[in-house]
Structure formats: structure tokens, C-alpha cells
Amino acid sequence: MSENDPVQRIYLSPPELSGNELEMLAAVLDGGWIAPVGPDLDAFEAELAMVSGRQYAVAVSSGTAALHLLLHALGVTAGDEVLVPSLTFIATANAVRYCGARPVFVDSEDSTWCVDPDLLLGELERRSRAGRLPAAVITVDLYGQVARAEQLVNRCRELGVPLIEDAAEAIGADRLGRAAGSFGDAGAFSFNGNKLITTSGGGAVVTDDELLAMRVRHLATQAREPVLHYEHNEVGFNYRLSNLLAAVGRAQLSTLADRIERRRSNNRWYRSLFASTPGVSVMPDHPEGNPINWLTCIQVDDAVAGFSAGDVIGVLAADDIEARPVWKPMHLQPVFAGSELVAVSRDAVVSERLFARGVCLPSGRLGVDGRDRIERALRPLIGQVSASR
Ligand SMILES: *Cc1c(COP(=O)(O)O)cnc(C)c1O
């Protein structure tokens with residue numbers, strides 16, 4: 001792919017090579033470690049623990065698998081309820097369903113777009129009084145920004161409710177000096193092709209709880225007992241990441257800082273691009289955190305802007321530039337019809353407004369030419385502006 005080719009499609013978040021993937025893969029093949037165990041898997045896990053400020057990491061086959069294993073290991077089972085942000089990718093809620101449990105959706109806040117912590121705390125208190133505590137709580141670090149989870153972490157610990165941080169979109173971000181993945185009992189990462197770090201498909205669990213890490217590792221390998229014959233005391237899963245893909249992950253991770261800087265630079269550019277367009281606002285970077293801006297997203301208030309989120313997606317699509325609405329809230333998904341939503345007001349659901357007005361913009365390696373094309377495509381909507389590149 002050449003970024004100066006003007007007919008090239010511009011993707012939302014395409015996978016990006018670090019340059020040393022082939023070399024690291026060749027080393028694995030030379031060593032014969034084409035296996036679900038091996039030195040690169042161990043090293044990748046050690047590096048992931050470092051990045052997230054955790055003691056332990058377990059690399060698995062996807063972010064979804066990481067969430068499923070965690071919920072299962074933390075005892076979530078049929079008939080349970082789990083509090084989950086409504087504004088997220090469906091994997092978060094699906095993992096709850098894999099355990100036979102029911103997701104109860106909680107609305108977002110405007111300052112981070114992540115789950116509203118006050119709303120969630122209030123729901124926990126209400127349920128605590130009613131003797132109906134959820135089996136777990138999941139927070140999601142949306143589009144590269146860590147959720148305001150510190151109070152939730154404390155309250156969940158007091159109440160004995162496990163808290164999982166879905167940090168699939170936020171590896172390398174931090175909040176109040178604490179890394180994405182370090183909030184609560186455990187964090188989950190994704191290395192899917194559209195994420196900041198990719199192994200084509202993959203994920204990880206990170207935690208400080210040694211027993212939890214061991215349990216997740218055990219469940220991810222068919223719950224096989226450490227004996228010569230094949231002995232199993234419970235139903236496990238085949239969810240481990242292969243050593244080959246771990247090598248790709250290590251190559252990717254070696255350029256994490258550059259990747260983050262590229263996303264942040266895109267975000268700054270978009271901010272200047274839209275700075276003088278009334279009715280358009282970029283997703284806020286909360287001052288207490290350092291988001292990685294995995295995707296830059298905007299909100300378009302059509303009554304003020306004179307054009308809609310759909311118009312933005314349309315003019316970009318006309319020039320073969322990919323843009324998408326923000327995640328459709330889970331409580332609006334047909335598959336979760338009839339599920340419960342916790343919101344401040346049913347008439348002003350934040351996640352519904354973000355879905356109606358939100359657009360995710362191309363956030364990968366854009367280059368000067370990519371930025372030019374995006375700016376030219378948007379010009380009819382946002383007028384004559386010249387963003388500093
Ligand atoms: C991508 C993503 C996941 C799932 O990751 P996969 O590796 O695709 O299974 C989970 N949660 C969120 C918020 C995500 O964006």
C-alpha cells in the first residue's frame with residue numbers, strides 16, 4: 001500500500017506493520033516453536049504485564065475470549081446479572097451471555113463517553129440495599145480513553161463484586177498515572193486487526209491476582225490437569241494464543257510509542273480541522289487521563305452545524321474514505337431487545353445521542369496526502385479551513 005496513491009481507499013483503522021514482524025516470525029520458525037507454547041508467548045506475556053502495570057498476563061486467542069475467561073473464572077454463571085456499559089463493541093456483552101448471564105446496560109457520560117461512574121455507583125448502592133448485587137461489573141475504555149473507574153474499583157472491592165476493565169481499545173493509555181488494564185480485578189486487551197497492536201487475532205488477560213491468572217491459563221487450555229494422561233476436572237476452552245502470533249505481537253508492541261504518537265497526532269489534526277465548525281465537537285480527552293486516541297470520533301449536532309453525522313460519512317465515502325457511526329448502544333441492539341438500561345433519564349440517553357451524532361474518523365497512518373484528501377472531502381461541509389498538518 002502506498003499512501004501517496006490518490007485512488008487508495010483510506011480505512012478507519014487498518015493494521016500497520018512495525019517492520020520487524022518477518023524477522024521475528026523467521027526466528028520462531030527456525031526454532032521450531034510453531035506451538036501453543038514457546039519462548040515468544042512467555043516474552044509477549046511479560047511485556048504485556050509491563051505495559052499494563054500488572055504482575056501477570058495470559059495471552060489468548062481474542063479479546064472476546066479474554067473477557068469470557070475472566071467472567072467464567074470470576075464465577076459468573078447462568079442467571080447472574082453483570083453491569084456493562086451500553087456504548088461498547090458487542091464482544092463485551094456477548095461474553096456475559098456466553099456465561100448464561102444477563103447484561104444490564106449502563107449509560108455513558110459526556111466527559112469521557114465511557115460508562116457514567118456516578119450512575120453505576122448509584123445502581124450498585126440500589127442493588128446492595130435490595131440484596132441483588134451483580135455478579136460482576138465491566139468498564140470499557142472507549143476509543144482509547146480509560147474510563148473513570150477508580151471509585152468503582154474501591155466500591156466494588158468493598159462490596160465483593162469483581163470488576164473487569166475491557167481495555168481492548170486502549171492499550172498504552174493511562175488515567176491518574178495508572179495504565180489501561182490496571183483497574184479492577186483484571187483487564188482484557190484485544191489484538192484484532194483493527195486495534196492499535198494486532199496479531200491478526202488475539203487478546204490477553206492482565207491481573208495482579210496470581211490465582212486468577214493461573215485459573216485463566218488453565219481454563220484457556222481445556223482445563224487440562226498437569227499429569228501425563230489427559231485428565232480434566234471441569235469443562236475448559238481452547239483459547240490460547242499461538243507462539244507464532246505472540247512473535248508478531250512482540251514485533252508490534254516494540255513500536256507501541258510510535259503508534260500512539262501517530263494516533264494522537266491525527267487527533268490534534270482533526271481538532272484543528274474542526275476548530276471553527278460550529279456544531280462539531282471532537283470526543284473529549286479527559287484532563288485526568290492520557291488517551292491514546294485509537295479512533296478520533298466527533299459529534300455532529302445537525303441543528304447547529306447544518307449537516308449531519310450521516311452527511312460526514314457520506315462525503316467521505318464518496319471519496320473512498322471509510323468513516324462509521326460510533327458503536328450502536330447495546331440496549332438498542334435487536335439481540336438484546338428487552339434488556340435493562342440504567343440511565344439518568346430515559347428521555348436523554350447519552351449513548352443514544354452519541355450514536356445518533358457520532359462519527360469515527362480514519363485514524364491510522366494517514367500521511368500528508370491522506371489528510372489532504374480527508375480535508376478536501378470535508379470542505380463542502382465545514383467550509384474553507386486550513387488545518388496545520
Ligand atoms: C475489539 C473489542 C473487543 C473484542 O476483541 P476481539 O479481539 O475482536 O475479540 C472487546 N471489547 C471492545 C470494547 C472492543 O473494541
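Count residues from 1 along the sequence. Computed from a predicted structure; not experimentally measured.
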Participant: With no hydrogens and no angle check, is any side-chain donor or acceptor of Thr92 less than 3.5 Å from a backbone partner on Ile90?
Facilitator: no
Participant: Can you tell me how far CG of Asp166 sits from CG of Leu67, rounded to the nearest 0.5 angstrom?
Facilitator: 4.5 Å
Participant: What about Phe105 and Leu119, same hydrophobic cluster or not, with Ile/Leu/Val/Met/Phe/Trp/Tyr joined at side-chain heavy-atom distances under 4.5 Å?
Facilitator: no
Participant: Please check if any side-chain donor atom of Asn267 sits under 3.5 Å from a side-chain acceptor atom of Arg271, or the reverse.
Facilitator: yes
Participant: Using a 3.5 Å distance criterion without hydrogens, assess whether the side chain of Asp208 forms a donor-acceptor pair with backbone atoms of Gln55.
Facilitator: yes
Participant: So which heavy atom on Gln252 is nearest to which on Thr198, and how close?
Facilitator: OE1-N, 2.9 Å
Participant: If you define the side chain from C-beta out and look only at heavy atoms, does anything of Glu109 sit under 4.5 Å from Val350?
Facilitator: no
Participant: List the steps, then state whether side-chain hydrogen bond (donor to acceptor under 3.5 Å, both in side chains) holds for Arg259 with Ser18.
Facilitator: CA-CA 9 Å; Arg259 290 162 187 272; Ser18 291; 2.8 Å; yes
Participant: To check you understand the geometry: which heavy-atom pair defines the closest contact between Gly201 and Leu241, and what is its length?
Facilitator: O-CD1, 3.7 Å
Participant: Between Thr255 and Asp258 (side chain of the first, backbone of the second, donor and acceptor by atom type, cut-off under 3.5 Å), is there such a pair?
Facilitator: no
Participant: Show the nearest heavy-atom pair for residues Thr88 and Met330, with the distance to one decimal.
Facilitator: O-CE, 3.0 Å
Participant: How far apart are the closest heavy atoms of Leu354 and Ser108, and which atoms are they?
Facilitator: CD1-CB, 4.3 Å
Participant: Please determine which of Tyr98, Phe237, Tyr239 meets the ring pair (Phe, Tyr, Trp, His ring centres under 6.0 Å) test together with His72.
Facilitator: Phe237
Participant: In terms of relative ring orientation, are Trp327 and Tyr143 parallel, tilted or perpendicular, with 30° and 60° separating the classes?
Facilitator: parallel
Participant: Do Ser200 and Val248 touch side chain to side chain, with heavy atoms closer than 4.5 Å?
Facilitator: no
Participant: May I ask you to check whether His331 and Glu352 show a side-chain donor-acceptor distance below 3.5 Å?
Facilitator: yes
Participant: Membership question, hydrophobic clusters at under 4.5 Å side-chain separation (ILVMFWY): are Val60 and Leu41 in the same one?
Facilitator: yes
Participant: Do Val146 and Glu165 have side chains that approach each other closer than 4.5 Å (heavy atoms only, starting at C-beta)?
Facilitator: yes
Participant: Not counting sequence neighbours, list each pair that qualifies as a side chain to side chain donor-acceptor pair (under 3.5 Å) and has a residue in residues 42-53.
Facilitator: Glu45-Arg217, Glu45-Arg240, Glu47-Arg250
Participant: Tell me whether Arg224 is salt-bridged to Glu231, with the criterion being a basic N under 4.0 Å from an acidic carboxylate O.
Facilitator: no
Participant: Judged by atom type as modelled, is there a donor-acceptor pair below 3.5 Å linking the side chain of Thr221 to the main-chain atoms of Ala223?
Facilitator: no
Participant: Got a salt bridge between Arg371 and Glu375, using NZ or NE/NH1/NH2 to carboxylate O under 4.0 Å?
Facilitator: no
Participant: Is there side-chain contact between Ile374 and Leu366, with heavy atoms separated by less than 4.5 Å?
Facilitator: yes
Participant: Please lay out, stage by stage, how Asp107 and Ser351 fare under the test side-chain hydrogen bond (donor to acceptor under 3.5 Å, both in side chains).
Facilitator: CA-CA 6 Å; Asp107 199 18; Ser351 55; 2.8 Å; yes
Participant: Would one find more than 12 heavy atoms of other residues, nucleotides or ligands at under 6.0 Å from atom CG of Leu22?
Facilitator: no
Participant: Can you tell if the side chain of Leu381 reaches within under 4.5 Å of the side chain of Thr277, non-hydrogen atoms only?
Facilitator: no
Participant: Nearest heavy-atom pair of Asp302 and Ser308: which atoms, and what distance?
Facilitator: CB-CA, 3.9 Å
Participant: Can you give me the closest heavy-atom contact between Val84 and Pro103, atom names plus distance?
Facilitator: CG2-CB, 4.2 Å
Participant: Could you walk me through whether Val280 and Phe307 satisfy the side-chain contact (heavy atoms from CB on, under 4.5 Å) test, starting with their C-alpha distance in whole Å, then the side-chain angles of each, then the deciding distance to 0.1 Å, before giving a yes or no?
Facilitator: CA-CA 10 Å; Val280 175; Phe307 58 88; 3.8 Å; yes
Participant: Think Arg268 forms a cation-pi with Tyr270, using NZ or CZ under 6.0 Å from the six-ring centre and within 45 degrees of its axis?
Facilitator: no
Participant: Could you go through Ser128 and Glu125, starting from their C-alpha distance and side-chain angles, then the distance that decides it, and tell me whether this counts as side-chain hydrogen bond (donor to acceptor under 3.5 Å, both in side chains)?
Facilitator: CA-CA 5 Å; Ser128 173; Glu125 298 313 328; 4.9 Å; no
Participant: Cation-pi between Arg178 and Phe183: NZ/CZ under 6.0 Å from ring centre and within 45° of the ring axis?
Facilitator: yes
Participant: Looking at Arg54 and Gly181, would you say the former's side chain and the latter's main chain have a donor-acceptor pair under 3.5 Å?
Facilitator: yes
Participant: So do the side chains of Tyr230 and Gln222 get within less than 4.5 Å of each other, counting heavy atoms only?
Facilitator: no
Participant: Please check if the number of heavy atoms outside Arg264 that lie under 6.0 Å from its CZ is greater than 12.
Facilitator: yes
Participant: Report yes if some heavy atom in the side chain of Asp185 is under 4.5 Å from a heavy atom in the side chain of Ile164; otherwise report no.
Facilitator: no
Participant: Under 6.0 Å from the CZ atom of Arg127, do we count more than 12 heavy atoms belonging to anything else shown?
Facilitator: yes
Participant: Please determine whether the number of non-hydrogen atoms from other residues, nucleotides or ligands lying under 6.0 Å from atom CD of Gln151 exceeds 12.
Facilitator: no
Participant: Taking side-chain hydrogen bond (donor to acceptor under 3.5 Å, both in side chains) as the criterion, tell me which of Arg324, Glu322, Arg263 meets it with Ser13.
Facilitator: Arg263
Participant: Got a donor-acceptor contact below 3.5 angstrom from the Asn290 side chain to the Ala173 backbone?
Facilitator: no
Participant: Before you tell me yes or no, could you show the steps for Arg148 and Glu150 under salt bridge (charged side-chain N to carboxylate O under 4.0 Å, His left out), namely the whole-Å CA-CA distance, both residues' side-chain angles and the distance that decides it to 0.1 Å?
Facilitator: CA-CA 6 Å; Arg148 294 198 303 130; Glu150 54 284 347; 5.4 Å; no
Participant: To the nearest 0.5 Å, tell me how far Cys99 SG sits from Leu71 CG.
Facilitator: 5.0 Å
Participant: Could you state whether Leu163 and Tyr56 fall into the same hydrophobic cluster, counting links through intermediate Ile, Leu, Val, Met, Phe, Trp or Tyr residues with side-chain heavy atoms under 4.5 angstrom apart?
Facilitator: no
Participant: Verify the distance criterion only: is there a donor paired with an acceptor across the side chains of Gln145 and Arg175 at less than 3.5 Å?
Facilitator: no
Participant: So that I can tick it off, tell me whether Arg373 and Asp319 are bridged by a salt bridge, with the cut-off set at under 4.0 angstrom between side-chain N and carboxylate O.
Facilitator: yes
Participant: Applying side-chain contact (heavy atoms from CB on, under 4.5 Å), run through Leu219 and Val216 and close with a yes or a no.
Facilitator: CA-CA 5 Å; Leu219 286 168; Val216 163; 5.7 Å; no
Participant: Take Asp285 and Asn293 through the side-chain hydrogen bond (donor to acceptor under 3.5 Å, both in side chains) test and state the conclusion after the steps.
Facilitator: CA-CA 8 Å; Asp285 282 356; Asn293 306 123; 3.2 Å; yes
Participant: With distance as the sole test, does Asn266 use its side chain to make a donor-acceptor pair with the main-chain N or O of Gly364 at under 3.5 Å?
Facilitator: yes
Participant: When you look at Leu83 and Leu124, which way does the side-chain contact (heavy atoms from CB on, under 4.5 Å) test go after all the steps?
Facilitator: CA-CA 9 Å; Leu83 300 183; Leu124 276 175; 4.2 Å; yes
Participant: Is any side-chain heavy atom of Cys156 closer than 4.5 Å to one of Val137?
Facilitator: yes
Participant: Is there a side-chain contact (heavy atoms from CB on, under 4.5 Å) between Val342 and Leu120 once you walk through the steps?
Facilitator: CA-CA 8 Å; Val342 181; Leu120 212 159; over 6 Å; no
Participant: Where the side chain of Asp209 meets the backbone of Leu212, is there a donor-acceptor pair that is under 3.5 Å apart?
Facilitator: yes
Participant: Tell me whether Phe355 shares a hydrophobic cluster with Ile313, the cluster being built from Ile, Leu, Val, Met, Phe, Trp, Tyr side chains joined at under 4.5 Å.
Facilitator: no
Participant: Cluster question for you: counting only ILVMFWY and a side-chain heavy-atom cut-off of under 4.5 Å, with indirect links fine, are Val326 and Ile321 together?
Facilitator: no
